[in-house]
Q: 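Can you keep this structure in mind? I'll have questions shortly.
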Amino acid sequence: MPELPEVETVRVGLETHLVGRVITSVDVAHPRAVRRHAGGEPDLVGRLTGKAVTGVRRRGKYLWIDVSDATDRAALVVHLGMSGQMLIARGGAPDHTHLRVRALLDDENELRFVDQRTFGGWHLDDYTVDAYAPAGMPAADVPVSVAHIATDPFDPAFDVERVVNRMRAKHSEIKRVLLDQTVISGVGNIYADEALWRARLHGARIAETISRKKLRELIEAVTVVMAEALKVGGTSFDALYVNVNGQSGYFERSLNAYGRAGELCRRCGAIMRRESFMNRSSFYCPRCQRRPSDVESRG
DNA sequence: CAGAGATCCTGCAAGC
DNA sequence: TGCTTGCAGGATCTCT
């Protein structure tokens, strides 16, 4: 599933292929892919057509393509959801099975949005002032629909102490807090489990009961885990096909927690467990990552 | 208002 | 063999 490292890999690829290009036409193959665009499909197509790409940016798992013409500028906001892919294909190449949106470019290539499970989509948005811009730095702009998303650990404006403060204010399980994109962005189920394992924290621990020091360790773990994934994700990048969906080394990545139920903890040798949580799976080591009740009983 | 849980969606895999 | 059921999960909506 695309989390920050996968989305960043896509962003870099899109930047290479799209900046300077003009979108000559847009075709929506599945209306659900543009459901978040307020003005509806015709508005999206009309406003996007003829615009040039000036940049590709990202915050957390949100990606946006800056587009403009002589009189109008906007952000084409892209969320990959669970299975979204942004592909650059030769014009006229056979359609992909789950093609949702196609944008023709002025270099005879096509930008394609392919998404099996249709949780992702495109919408065109205006900009607003970035509330996360640090004082003294020029106030960057962000798409209105991304303004509520917190910075991610790779953002120059990322502020560890601010995140620790927000976590400490939460009477909620720490894994839920890690997945809350308004606290820290970019983390999904897989890297949440990896970071919790690395920081030796059980996901059910209540955030406000965890020490500031431990929360800093957790944020550091998130950063390291995602940085390592990004390193791998960036290597097998095909020149023509911008592939998101994990194929770029995703499964070759060595995971220490996610998917390892029944296997031995690589740190202590205990048998890893799987639990259901928030309608999804959580993987952890019962010895390294003590359940809240165990922690409390020890004082 | 904050937190918890349901919901959307499709393809694959497991089980009867 | 063929059907049903469960599972995967990011973001948003609804309910408490």
Side-chain angles (χ1 to χ4, degrees), chain A residues 1-11 28-38 58-64 77-86 95-101 113-123 125 142-152 165-196 203-210 222 225-226 229 244-247 250-251 253 255 257-262 273-284 292:
Chain A
M1 317 304 146
E3 300 182 31
L4 186 152
E6 290 75 26
V7 179
E8 173 60 15
T9 301
V10 172
R11 189 201 65 77
V28 177
H30 195 306
R32 195 174 142 79
V34 298
R35 68 193 180 284
R36 291 191 64 201
H37 183 71
R58 181 191 57 74
R59 172 164 291 180
K61 302 170 202 170
Y62 280 85
L63 186 70
W64 66 93
V77 180
V78 176
H79 200 288
L80 301 173
M82 303 246 334
S83 53
Q85 294 174 281
M86 293 284 276
D95 284 356
H96 296 74
T97 307
H98 303 292
L99 177 70
R100 306 306 186 199
V101 191
F113 182 63
V114 175
D115 186 15
Q116 179 202 110
R117 283 180 240 186
T118 71
F119 278 23
W122 288 11
H123 66 277
D125 206 355
V142 293
V144 172
S145 53
V146 181
H148 68 293
I149 299 294
T151 52
D152 60 66
N165 288 340
R166 292 218 53 198
M167 287 178 163
R168 289 277 294 178
K170 291 279 184 187
H171 183 79
S172 187
E173 296 175 338
I174 186 62
K175 181 165 178 185
R176 180 179 275 274
V177 175
L178 267 185
L179 295 173
D180 183 343
Q181 306 296 304
T182 68
V183 174
I184 179 172
S185 70
V187 186
N189 195 46
I190 295 171
Y191 295 121
D193 277 6
E194 292 300 308
L196 287 165
R205 288 282 304 279
I206 302 299
E208 67 182 358
T209 69
I210 303 172
V222 167
V225 163
M226 293 202 299
V244 242
N245 199 14
Q247 282 92 334
Y250 185 82
F251 292 105
R253 225 168 279 154
L255 297 172
Y258 186 85
R260 298 197 68 242
R273 290 187 191 161
R274 174 191 178 277
E275 271 179 15
S276 205
F277 173 76
M278 282 173 72
N279 277 344
R280 55 217 58 191
S281 292
S282 292
F283 299 90
Y284 70 101

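Worth knowing before you read on, the calculation uses all heavy atoms, side chains too, and leaves out hydrogens, waters and symmetry mates. Proteins come first, then strands; the chains are lettered A, B, ... in the order of their sequence lines, and each starts at number 1.
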Q: For A/Ser281, give me all partners under side chain to side chain contact (heavy atoms under 4.5 Å, CB included), at least two apart in sequence or on another chain.
A: A/Arg274, A/Phe283

Q: Is the side chain of A/Asp115 donor-acceptor paired with the backbone N or O of A/Gly120 at a distance under 3.5 Å, no angle test?
A: yes

Q: So, A/Arg59 side chain and A/Ser185 main chain: donor-acceptor pair closer than 3.5 Å or not?
A: no

Q: By salt bridge (Lys or Arg N to Asp or Glu O under 4.0 Å), which residues pair with A/Glu208, not counting sequence neighbours?
A: none

Q: Taking any heavy-atom pair under 4.0 Å as a contact, classify A/His30: base, sugar-phosphate, or nothing.
A: nothing

Q: Of all residues at least two apart in sequence or in a different chain, which pass the side chain to side chain contact (heavy atoms under 4.5 Å, CB included) check with A/Ala147?
A: A/Thr128, A/Val142

Q: When you compare the protein's N or O atoms with those of nucleotides 14-16 of chain C, which come within less than 3.5 Å of each other, and at what distance?
A:
none

Q: Specify whether A/Phe113 and A/Trp122 have parallel, tilted or perpendicular ring planes, treating 30° as the upper limit for parallel and 60° as the lower limit for perpendicular.
A: tilted

Q: In degrees rounded to 10°, what angle is found between the helical axes fit to the five outermost pairs at each end of the helix from B/dA2-C/dT16 to B/dC16-C/dG2?
A: 60°

Q: Which ones in residues 170-188 of chain A lie close to DNA chain C, meaning a heavy atom under 4.0 Å from one of its atoms?
A: A/Gln181, A/Gly188

Q: Name the residue closer to the 5' end of DNA chain C, choosing between A/Arg117 and A/Ile149 according to the nucleotide with the nearest heavy atom.
A: A/Arg117

Q: Starting at NE2 of A/His123 and ending at P of C/dT12, how long is that distance when rounded to a whole Å?
A: 9 Å

Q: So, do A/Phe119 and C/dA11 meet the stacking rule of ring centres under 5.5 Å and planes under 30°?
A: no

Q: Could I get the full list of side chain to side chain contact (heavy atoms under 4.5 Å, CB included) partners for A/Arg32, not counting sequence neighbours?
A: A/His30, A/Arg35, A/Thr118, A/Phe119

Q: Of all residues at least two apart in sequence or in a different chain, which pass the side chain to side chain donor-acceptor pair (under 3.5 Å) check with A/Thr97?
A: none

Q: Once side chain to side chain contact (heavy atoms under 4.5 Å, CB included) is applied, do any residues pair with A/Lys175, and if so which ones, sequence neighbours excluded?
A: A/Leu179, A/Asn189, A/Ala192, A/Asp193, A/Leu196, A/Phe277, A/Ser282

Q: Without decimals, in angstroms, what is the distance between A/Glu275 CD and C/dC7 C1'?
A: 17 Å

Q: Output the rounded distance in Å from CG (A/Asp152) to P (C/dG10).
A: 15 Å

Q: Please report the distance, rounded to the nearest Å, between CG in A/Asp115 and P in C/dA8.
A: 19 Å

Q: Between the main-chain N or O of A/Ile210 and the side-chain N or O of A/Arg168, is there a donor-acceptor pair closer than 3.5 Å?
A: yes

Q: Report the distance from atom CG of A/Leu63 to atom C1' of C/dG10, rounded to the nearest whole Å.
A: 15 Å

Q: At a heavy-atom distance below 4.0 Å, which nucleotide of DNA chain B is the first touched by chain A, and which is the last?
A: B/dG3 to B/dG11

Q: Any donor and acceptor pair, going by atom type alone, linking the side chain of A/Asp125 with main-chain N or O of A/Ser145 inside 3.5 Å?
A: yes

Q: Specify the separation, in whole Å, of atom OH of A/Tyr62 and atom C1' of C/dA11.
A: 6 Å

Q: Going by the rule salt bridge (Lys or Arg N to Asp or Glu O under 4.0 Å), which residues pair with A/Arg100 if we only count those two or more places apart in sequence or in a different chain?
A: none

Q: Looking only at side-chain N and O atoms, does A/Ser83 come under 4.0 Å of OP1 or OP2 in C/dA8?
A: no

Q: Taking only N and O in the side chain of A/Asn279, is any of them less than 4.0 Å away from OP1 or OP2 of C/dG9?
A: no

Q: Less than 4.0 angstrom between a side-chain N/O of A/Arg36 and OP1 or OP2 of C/dA11, yes or no?
A: no

Q: Can you see if the side chain of A/His79 gets near the phosphate of C/dA11 - specifically, an N or O under 4.0 Å from OP1 or OP2?
A: yes

Q: Which is true for A/Phe277 with a 4.0 Å heavy-atom rule: it touches a base, it touches only sugar-phosphate, or it touches nothing?
A: nothing

Q: Look only at the side chain of A/Glu3 and the backbone of A/Tyr191, and say whether a donor-acceptor pair between them is shorter than 3.5 Å.
A: yes

Q: With sequence neighbours excluded, tell me which residues meet ring pair (Phe, Tyr, Trp, His ring centres under 6.0 Å) with A/His37.
A: none

